[in-house]
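Data block below; observations after.
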Amino acid sequence: MRHSGEFGIVINQACWGLGLGGILIDTLITWAKQTGFIKKIYLKVRRDNDRGIALYKHNGFIHEGTLSNEIC
């Protein structure tokens, strides 16, 4: 998709709960809006990452599909 971008976040477990994921997402969204280049931001998240899913939903991301039989 043109003008879209995928991102991922990995935060060391020792730093969980400090709000770093929210800061990173806020920074990314602000940058995308300011530049006007990116129209859609998307990501993949493991279905067992409840904290991540809650963070993404809180920041306006919506579930669009589920990948199956993907090998990482």
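Keep in mind that this is a model prediction, so the values were computed, not measured.
Rounded to the nearest 0.5 Å, atoms CD1 (Ile38) and NZ (Lys33) are 14.0 Å apart. Atoms NZ and CG, on Lys44 and Asn49 in that order, are 15.0 Å from each other to the nearest 0.5 Å.
Ring geometry, Phe7 versus Phe61: the interplanar angle falls from 30° to 60°, so the pair is classed tilted.
In plain terms, the two heavy atoms of Arg47 and Asp50 that are nearest each other are O-OD1, 4.0 Å. Ile9 and Ile25 get closest at one heavy-atom pair: CD1-CG1, 3.7 Å.
His58 places no side-chain N or O within 3.5 Å of a backbone atom of Gly60 that could act as its donor or acceptor partner.
Between Trp31 and Ile41 the shortest side-chain heavy-atom distance does not fall below 4.5 Å.
Hydrophobic cluster membership is shared by Phe37 and Leu43, with clusters built from Ile, Leu, Val, Met, Phe, Trp and Tyr side chains linked at under 4.5 angstrom. Clustering ILVMFWY residues whenever any of their side-chain heavy atoms sit less than 4.5 angstrom apart, transitively, puts Leu18 in the very cluster that holds Leu55.
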